[in-house]
Amino acid sequence: MRAGVGRLGAVAAAAAFALLVAGCGGASTGSGAPTTTTAKATTTTTTGPAGSWSKAIPMAPGADLSVVSCPAAGVCLAGSTAGQTFELFYDKVTPLGPPVPAPSPQGASFLACATPGFCAAAPNLNQVAFYNGMGWQAPTTIAAAQGFTAVACTGPSFCITIDGEGNSFNYDGRSWSGNLGAWGAANQISCVTPAFCVAAEGGPSVWDGHTWTQPNDADAAGQLNSVSCATTSFCMLVDSNGGALTWNGQGFSPPASVASEPPLAGTNASGLTGVSCPTAVFCRAVDSLGRVFGFNGTSWTSGTLIDAGHALTSVSCPTTAYCVAVDRAGNAFVSS
């Protein structure tokens with residue numbers, strides 16, 4: 001593994017950031033021993049209402065990337081539906097291998113990063129592993145878990161998971177709790193503090209530091225695919241019907257139509273597949289037609305097509321100046 005922790009100070013380097021925004025590419029085998037590859041920079045971009053995006057960066061050619069998590073500009077980890085993980089560090093792609101032996105991801109959002117030196121992955125029936133900026137550590141087995149579907153962390157002292165049977169467990173920096181109880185599987189969890197998280201699937205559920213609320217019917221039109229919370233009074237959720245709804249600290253709004261076109265033929269993606277909001281006035285959402293949509297705190301833009309022929313599956317924006325989206329063909333796209 002590369003010595004990733006020693007590079008963390010470079011995350012904020014403006015020169016490297018400018019090179020990446022101009023557009024870079026890298027390639028990896030997706031399954032071999034970790035190697036780092038650097039590709040020639042390119043200025044090719046797609047510009048539209050949802051910003052300017054680089055051309056495709058081949059992170060893991062042929063892999064179905066289901067999740068990307070960027071804890072800082074220039075540092076992202078992505079995971080595939082086969083349980084493999086990859087790092088995008090500015091213009092370099094490094095395959096990190098599976099977090100746990102024989103991974104079998106039950107859900108798309110099995111990977112979450114809180115800082116460049118702390119990520120969690122739960123791509124196994126009952127195992128969770130942590131990443132320390134250099135590599136994946138030995139996994140922990142949570143015997144009572146029955147197929148994790150999502151994990152979220154605020155930092156090294158708090159993570160929370162939900163499995164397919166509605167079992168939830170949290171991590172306090174030392175150990176994992178017993179079953180906290182939830183109301184079913186979660187497609188994604190977003191946490192602002194250890195006392196505030198929102199989980200999305202059939203209906204939204206809120207964590208108050210002790211229990212999960214029972215999901216309500218805030219969105220009867222579609223399945224909630226993704227959630228991103230910027231503060232305890234602002235979250236954005238997107239659904240399989242192309243709709244988006246918000247949390248205002250008290251409740252959830254009705255869904256508003258953002259992208260109503262049908263999903264790509266032959267894919268399992270549907271509608272809006274991912275959303276990321278670093279602030280309450282900046283969100284990016286991706287859909288199953290390869291488009292990105294932007295939210296400015298009031299309204300959504302029309303879609304910017306950045307990935308014709310592939311479904312975008314996840315997007316992560318650690319700041320309003322940097323976002324990364326991934327697709328079902330192993331590509332990443334960078335925006336500024």
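Nothing fancy with the numbering, it's 1 onward along the sequence.
For the pair Cys191 and Phe158, the tightest heavy-atom approach, listed with the atom from each and the gap, is SG-CE2, 4.0 Å. Gly222 approaches Asn241 most closely through the heavy-atom pair CA-CB, 4.3 Å. The two residues Ala200 and Leu224 have their closest heavy-atom pair at CB-CB, 3.8 Å. Shown here for Gln223 and Gly202, the closest heavy-atom pair between the two residues is NE2-N, 3.9 Å. The shortest non-hydrogen separation linking Ser80 to Ala63 is CB-CB, 4.3 Å. Annotation for Met236 and Ala244: closest pair SD-CB, 3.9 Å, computed over non-hydrogen atoms.
When hydrophobic clusters are built by joining Ile, Leu, Val, Met, Phe, Trp and Tyr residues whose side-chain heavy atoms come closer than 4.5 Å, directly or via intermediates, Phe293 is not grouped with Val286. In the hydrophobic clustering of ILVMFWY residues, with side-chain heavy atoms under 4.5 Å counting as a link, Ile189 and Phe169 come out apart.
Atom CD1 of residue Ile142 and atom CG of residue Leu125 lie 12.0 Å apart, to the nearest 0.5 angstrom. Between the OG atom in Ser157 and the CZ atom in Phe118 there is a gap of 8.0 Å [rounded to 0.5 Å]. Taking CG of Asn331 as the start and NZ of Lys55 as the end, the distance is 10.0 Å to the nearest 0.5 Å. Summarising the geometry, atom CD belonging to Glu165 is positioned 12.5 Å from atom CZ belonging to Phe148; distances are rounded to the nearest 0.5 Å. To the nearest 0.5 Å, the span separating SG on Cys197 from CG on Asn170 amounts to 9.0 Å. In this structure, CG in Asn167 is found 11.0 Å from CG in Asn126, a value given to the nearest 0.5 Å.
Residues passing the ring-ring contact (aromatic ring centres under 6.0 Å, His included) test with Trp300, sequence neighbours excluded: Phe295. With sequence neighbours excluded, the residues satisfying ring-ring contact (aromatic ring centres under 6.0 Å, His included) with Phe252 are Trp247.
Looking only at distances, a side-chain donor or acceptor of Gln188 sits under 3.5 Å from a matching main-chain atom of Val227. A side-chain donor-acceptor contact under 3.5 Å links Ser335 to the backbone of Ser52. For the pair Trp136 (side chain) and Ala129 (backbone), a donor-acceptor distance under 3.5 Å is absent. Although no hydrogens or angles enter the test, the distance criterion places no donor-acceptor pair under 3.5 Å between the side chain of Ser109 and the main chain of Ala150. Looking at Thr313, its side chain does come within 3.5 Å of a backbone N or O of Leu65 through a donor-acceptor pair. The backbone N or O of Glu201 sits nowhere less than 3.5 Å from a side-chain atom of Asn187 that would complete a donor-acceptor pair. The main-chain N or O of Thr246 is found under 3.5 Å from a side-chain atom of Ser253 such that the two form a donor-acceptor pair. No donor-acceptor distance shorter than 3.5 angstrom exists from the side chain of Asp163 to the backbone of Ala145, with no hydrogens or angles considered. The backbone N or O of Thr47 sits nowhere less than 3.5 Å from a side-chain atom of Thr45 that would complete a donor-acceptor pair. Ser314 contributes no side-chain N or O that, together with a main-chain N or O of Val67, makes up a donor-acceptor pair within less than 3.5 Å.
Taking the side chain as every heavy atom from C-beta outward, Ile160 and Val151 never approach each other to under 4.5 Å. With a 4.5 Å cut-off on side-chain heavy atoms, Leu111 and Tyr131 do not count as touching. Contact check for Thr81 versus Pro105: no side-chain heavy atoms found under the 4.5 Å cut-off. Counting only heavy atoms from C-beta outward, the side chains of Cys323 and Phe282 approach each other to under 4.5 Å. The shortest side-chain heavy-atom distance between Phe110 and Ser66 falls under the 4.5 Å cut-off. At least one side-chain heavy atom of Gln137 sits less than 4.5 Å from a side-chain heavy atom of Asn132. Counting heavy atoms from C-beta on, the side chains of Pro204 and Asn216 come closer than 4.5 Å. Inter-residue side-chain proximity for Thr279 and Thr320 is flagged as met; some heavy-atom pair is nearer than 4.5 Å.
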**Request:** Decide side-chain contact (heavy atoms from CB on, under 4.5 Å) for Leu312 and Arg291; before the verdict, give the C-alpha distance in whole Å, the side-chain angles of both, and the deciding distance to 0.1 Å.
**Result:** CA-CA 7 Å; Leu312 292 169; Arg291 298 177 300 177; 5.8 Å; no
**Request:** Take Thr46 and Thr304 through the test side-chain contact (heavy atoms from CB on, under 4.5 Å) and record every step on the way to the result.
**Result:** CA-CA 8 Å; Thr46 298; Thr304 297; 4.0 Å; yes
**Prompt:** Stepwise, does the disulfide (SG to SG under 2.5 Å) test hold for Cys113 with Cys153?
**Reply:** CA-CA 7 Å; Cys113 294; Cys153 301; over 6 Å; no
**Item:** Audit row: Asp327, Phe333, side-chain contact (heavy atoms from CB on, under 4.5 Å) steps and yes/no
**Value:** CA-CA 9 Å; Asp327 73 8; Phe333 301 82; 3.8 Å; yes
**Message:** side-chain contact (heavy atoms from CB on, under 4.5 Å), that's the test. Do Val206 and Trp212 meet it? Break it down for me.
**Reply:** CA-CA 5 Å; Val206 179; Trp212 289 97; 5.7 Å; no
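Within 6.0 Å of the CH2 atom in Trp176, the count of heavy atoms belonging to other residues, nucleotides or ligands exceeds 12.
Disulfide status for Cys229 with Cys277: absent, SG atoms not under 2.5 Å apart.
Between the side chains of Ser168 and Trp207, no donor N or O sits under 3.5 Å from an acceptor N or O. A donor-acceptor contact closer than 3.5 angstrom is absent between the side chains of Gln106 and Thr149.
Considering Thr273, Asn225, Leu272 as possible partners of Ser240, the one that fulfils the side chain to side chain contact (heavy atoms under 4.5 Å, CB included) test is Asn225.
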